[in-house]
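Accompanying notes for the structure given below.
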Amino acid sequence: MQTYLEGLNEQQLAAVQHIDGPLMIVAGAGSGKTKVLTTRIAHLMNSGVDAFNILALTFTNKAAAEMKERVEKALGNTEARNLYIGTFHSVFARILRSEANKLGYPNNFTIYDTDDAKSVIKGIVKDMNLDDKHYKPAYIYNRISAAKNSLLDPAKYRADTFVQEEDTRSHRPLIADIYDQYARRCFRNGAMDFDDLLFKMHTLLHEYPDALAKYQGRFSYILIDEYQDTNHAQYEIIKMLGARNENICVVGDDAQSIYSFRGATVQNILQFKDDYDDVRVIKLEQNYRSTQTILDIANSIIGNNKNQIPKELWTSNDEGEKIMLARTMTDNDEGRFVADSIKEQQMRNHYANKDFVVLYRTNAQSRSFEESLRRQNIPYKLVGGTSFYQRKEIKDYLAYLRIIVNPQDEENLKRIINVPTRGIGKTSIDKISVRANELDVTFWETIANPDIEGFRSANTDNFVMMINNFRTMLEKENAYDVAFFVGKHTGLVKDLYNDKSVEGIARYENVQELLNSIKEFTETPDEEGELHDKTLGSYLQQITLLTDADQDKAEDADAVKLMTIHAAKGLEFPCVYVVGMEENLFPSAMSLYDRSDLEEERRLFYVAVTRAKEKLWITYANSRYRFGSLVQNDPSRFISEVPPRYVDTTFTGTSNTGTPQRSNTGNLFNKQSFDKVPSLKKLADKLSAPKPAAHNPSPDFVPDDVSTMDAGMQVEHQKFGYGKILSLEGAPANRIATIEFGGGHGTKKIMLNYAKLRIVG
DNA sequence: TGATGCTAACTTTTT
DNA sequence: GTTAGCATCA
């Protein structure tokens with residue numbers, strides 16, 4: 001027996017040794033899924049399959065990198081370099097890059113991230129003279145994204161009666177037009193958004209039989225990780241790619257499906273058996289990760305969901321400790337509690353920093369933990385969140401690099417045409433846009449092509465000359481040299497260097513970090529072990545698809561990790577804190593009115609719990625600051641799904657009064673009254689507030705239940721003082737009141753979920 | 001045209 | 001509590 005096969009259990013071994021034909025591995029949390037996938041790849045290669053013919057698709061770059069590394073280790077040679085392993089998006093981007101001309105795109109097409117895409121949409125909404133309060137770019141982006149993930153192009157979108165009815169019902173009948181415009185504009189800009197990478201890949205395979213044949217032949221063995229998170233477009237692509245050989249192996253766990261908001265459908269995994277003849281199904285049900293207690297809790301939680309593939313996860317691990325449940329007064333106390341608890345665990349049990357993770361539902365929750373960890377001098381690492389690449393200075397820098405590679409890209413061109421200022425302001429930009437539309441040419445053509453009656457001035461001529469100058473470097477110089485040159489000659493780097501404010505220094509450092517990462521890219525050998533394609537074009541192609549979670553070797557650093565539960569999928573930690581377990585937060589307020597949404601939130605909780613190997617804490621706060629004002633929430637309903645026998649009831653948490661509080665599952669749901677003491681800073685802010693009409697809330701101000709409010713009532717607002725509700729609108733979950741205030745505040749529209757109101761009469 | 005300061009809108013989750 | 005976008009002033 002091969003050494004790499006040692007230590008596998010019966011099911012794992014069966015999965016690894018299955019070679020030809022469709023295979024579905026239902027892999028419960030912690031059941032050794034990655035091990036099976038990587039070992040199977042190693043085994044395929046050992047059985048004579050050429051690495052070049054193996055395609056493995058994952059959802060994160062990190063998972064891909066890990067897979068590659070582990071295969072290499074199992075094989076003990078470098079053949080693994082020839083594997084085609086990557087995320088759906090990066091693998092398809094790479095293929096599309098070489099086939100772009102078939103679809104009428106430049107090879108150096110730009111990849112738009114969500115912000116870029118929304119900005120294009122915003123421009124269209126504006127050009128169509130629509131109200132962007134109603135036609136919100138984010139909403140439209142989601143509609144378009146969903147359409148692409150369902151493989152609906154603009155024409156099909158318009159023709160689909162169900163989709164049209166939805167748009168009519170939401171009073172946004174023109175989305176089809178916007179989608180149509182959006183697709184045209186992206187095409188004209190030589191740009192693809194995230195969803196296009198799937199959508200166009202499908203188009204390529206569907207409409208170009210030679211391309212289909214080529215990739216069917218190339219990828220004779222296909223493995224897909226996290227299959228429960230694939231959407232319809234991905235499903236169809238996989239089906240086409242695998243049709244010739246049907247050597248498709250999917251791995252997934254329906255209980256961990258948490259990406260339906262991105263179009264993922266559990267149906268894909270539930271139906272897999274019916275999609276192919278003779279599907280081999282192997283279930284991995286032994287958990288090697290967690291204690292018996294943690295696993296029991298997880299099983300108990302997921303048992304509340306209706307739709308599942310039946311399976312029972314078990315472990316031979318020790319029972320372990322009971323989990324700990326802590327209630328704190330505020331979100332800040334929650335932060336303090338977690339930091340104190342980590343400190344205590346480290347002293348008592350000698351855990352390293354990297355043994356801890358704090359998991360939350362939304363990125364915005366990270367603040368209180370960052371602050372408290374910093375105060376305790378505990379090193380921490382924030383994973384995900386506002387991406388490095390979303391910072392202004394980085395986006396500007398990248399915008400330059402993008403238009404050098406692809407000057408068609410109007411979005412990025414407009415972004416930097418006047419950065420640093422060079423006398424091409426809003427007026428000029430508008431004039432250029434108008435002229436471009438009249439001539440039906442790109443924005444760049446309008447200022448750069450001397451053969452047409454475009455728009456030119458001394459300022460634009462200088463700009464064009466500069467960009468053209470940069471462009472001449474593309475062929476000969478590598479990404480770093482071009483980028484460095486650009487920074488120098490545009491004055492971008494110098495301007496930041498001269499800015500000695502705190503933010504300015506940070507921005508300068510960020511830009512340096514960007515340059516370092518480009519340098520690193522140019523110096524890292526690619527798959528073939530060579531410094532092949534180290535051009536700027538190839539750098540940009542991958543950069544948009546990188547997320548912070550992939551960024552650096554986050555795992556290596558000895559620091560406490562802070563991340564969303566979504567970002568934690570696939571990871572494991574000895575000690576896990578699941579925080580912010582409150583109604584409206586987790587489960588999210590958006591998910592309370594739909595059974596399937598709620599079940600997804602529950603799966604998310606399941607994912608959170610199953611990250612823990614040894615110890616688990618669940619915390620929640622009585623009240624927390626949201627949008628600057630204090631909000632009270634009930635404890636999450638999910639807490640009551642944790643069987644009390646697994647919860648340590650002698651355990652004590654902390655409160656802001658300094659009195660330890662007994663956390664007791666028996667009285668968790670008694671709403672406790674507590675002193676509403678505004679923090680000192682808040683008080684100081686209020687006292688020094690220069691605003692003449694600032695309202696001091698009554699000392700006994702306690703917000704009332706939103707659902708009891710009605711038109712005609714007199715209310716008190718924390719900031720605007722007393723007023724009368726004129727009318728109510730919106731869904732019960734998100735009611736908006738029009739309120740007439742006194743004290744010169746006038747009539748305001750207030751979202752009742754966020755602003756707190758007290759009924760006066 | 002460009003910098004500055006204020007207000008409104010904002011929070012799911014990510015490739 | 002934060003940030004983007006707008007209005008205002010230089």
Side-chain angles (χ1 to χ4, degrees), chain A residues 57-64 86-93 111-115 117-119 122 132-133 136 138 142 145 148-149 192-198 226 229-231 233-234 258-264 331 359-368 371 384-387 390 392 418-429 459 542 544-550 563-569 580 584-592 597 600-601 603-604 607-608 624-631 679 681-682 685 690-691 719 734 736 748-751 753-755:
Chain A
L57 296 170
T58 65
F59 273 80
T60 63
N61 293 293
K62 207 201 297 179
T87 64
F88 280 89
H89 290 84
S90 67
V91 166
F92 295 168
I111 297 174
Y112 279 167
D113 66 16
T114 310
D115 287 341
K118 282 184 198 158
S119 144
K122 199 167 181 188
D132 68 359
K133 294 265 159 51
K136 286 194 190 120
N142 284 331
S145 170
K148 286 181 184 167
N149 288 328
M192 294 196 199
D193 64 21
F194 287 141
D195 303 309
D196 280 330
L197 296 176
L198 308 180
E226 311 277 15
D229 288 328
T230 51
N231 61 36
Q234 288 162 324
I258 54 173
Y259 279 103
S260 75
F261 69 92
R262 210 165 73 184
D331 46 350
L359 300 178
Y360 36 76
R361 179 65 180 81
T362 68
N363 282 305
Q365 286 164 255
S366 67
R367 168 173 313 285
S368 62
E371 281 174 9
T386 325
S387 163
Q390 282 172 347
K392 285 168 232 65
N418 206 29
V419 180
T421 53
R422 51 173 71 88
I424 312 176
K426 195 178 178 304
T427 335
S428 309
I429 291 177
N459 289 336
Q542 57 144 53
T544 317
L545 299 173
L546 274 189
T547 63
D548 266 11
D550 306 317
M563 64 182 92
T564 63
I565 301 167
H566 282 89
K569 193 151 87 151
N584 297 319
L585 189 57
F586 193 14
S588 145
M590 325 287 291
S591 67
L592 297 182
D597 286 349
E600 177 148 321
E601 295 283 308
R603 289 194 295 271
L604 199 52
V607 168
R624 68 174 59 240
Y625 281 95
R626 255 186 131 178
F627 308 105
S629 61
L630 210 53
V631 177
S679 71
K681 185 177 182 303
K682 285 255 153 188
D685 284 349
K691 288 212 194 79
K719 240 196 209 148
N734 190 19
I736 298 163
K748 298 200 183 283
K749 291 206 165 195
I750 306 248
M751 293 174 81
N753 280 348
Y754 305 124

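FYI, side chains are in, hydrogens and waters are out, and symmetry mates aren't considered; it's all heavy atoms of this structure. Here is how names work: the chains are called A, B, and so on, in the same order as the sequence lines, proteins then strands, and each is numbered from 1.
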> Sequence neighbours excluded, which residues qualify as side-chain contact (heavy atoms from CB on, under 4.5 Å) partners of N584(A)?
Replying inline: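 If we apply the side-chain contact (heavy atoms from CB on, under 4.5 Å) test to N584(A), skipping adjacent residues, the hits are A589(A), L592(A), N633(A).
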Please report, rounded to the nearest Å, how far the [atom2] atom of [N] is from the [atom1] atom of [X].
| X | N | atom1 | atom2 | answer |
| --- | --- | --- | --- | --- |
| K133(A) | dC10(B) | NZ | C1' | 13 Å |
| K392(A) | dT3(C) | NZ | C1' | 8 Å |
| K136(A) | dA4(C) | NZ | P | 18 Å |
| Q365(A) | dT13(B) | CD | C1' | 11 Å |
| L359(A) | dT13(B) | CG | P | 14 Å |
| D132(A) | dA9(B) | CG | P | 10 Å |
| N363(A) | dT3(C) | CG | C1' | 15 Å |
| F194(A) | dT14(B) | CZ | C1' | 8 Å |

> Considering residues at least two apart in sequence or located in another chain, which fulfil the ring pair (Phe, Tyr, Trp, His ring centres under 6.0 Å) criterion with F59(A)?
Replying inline: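 Residues passing ring pair (Phe, Tyr, Trp, His ring centres under 6.0 Å) with F59(A): F88(A).
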Which part of the nucleic acid, if any, lies within reach of [X] when heavy atoms closer than 4.0 Å are counted: base, sugar-phosphate only, or nothing?
| X | answer |
| --- | --- |
| F59(A) | sugar-phosphate |
| K122(A) | sugar-phosphate |
| T58(A) | nothing |
| S591(A) | nothing |

Not counting sequence neighbours, which residues clear side chain to side chain donor-acceptor pair (under 3.5 Å) with [X]? List them please.
| X | answer |
| --- | --- |
| T87(A) | S90(A) |
| R262(A) | none |
| Q365(A) | T362(A) |

>> Wobble G-U and Watson-Crick pairs count when both distances are under 3.5 Å; given that, what is the 5' to 3' dot-bracket string of DNA chain B, with | for pairing to other strands?
In response: ||||||||||.....
>> Looking at dT15(B), I'd like to know if its phosphate oxygens (OP1 or OP2) sit under 4.0 Å from a side-chain N or O belonging to S90(A).
In response: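 Answer no for this pair, as no side-chain N or O of S90(A) is under 4.0 Å from OP1 or OP2.
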>> Suppose you measure atom C1' in dT13(B) against the same atom in dA4(C); what distance do you get, rounded to whole Å?
In response: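 After rounding to an integer number of Å, I get 22 Å for this pair.
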>> Between dT13(B) and S588(A), counting only base atoms on the nucleotide and side-chain atoms on the residue, is there a donor-acceptor pair under 3.5 Å?
In response: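 A donor-acceptor contact between them is absent.
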> Does the ring of Y259(A) meet both stacking tests against the six-membered base ring of dT14(B): centre distance under 5.5 Å and plane angle under 30°?
Replying inline: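 Check failed, Y259(A) does not stack on base of dT14(B).
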>> Checking side-chain contact (heavy atoms from CB on, under 4.5 Å) between K148(A) and each of L197(A), L198(A), D193(A), which is the one that passes?
In response: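 Per the side-chain contact (heavy atoms from CB on, under 4.5 Å) rule, the option paired with K148(A) is D193(A), out of L197(A), L198(A), D193(A).
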> Is the number of heavy atoms from other residues, nucleotides or ligands under 6.0 Å of K118(A) NZ greater than 12?
Replying inline: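 Yes - once you tally the heavy atoms of other residues, nucleotides and ligands closer than 6.0 Å, there are more than 12.
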> In terms of side-chain heavy atoms of R367(A), which of dT14(B), dG1(C), dT11(B) is nearest?
Replying inline: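 So the nucleotide nearest the side chain must be dG1(C).
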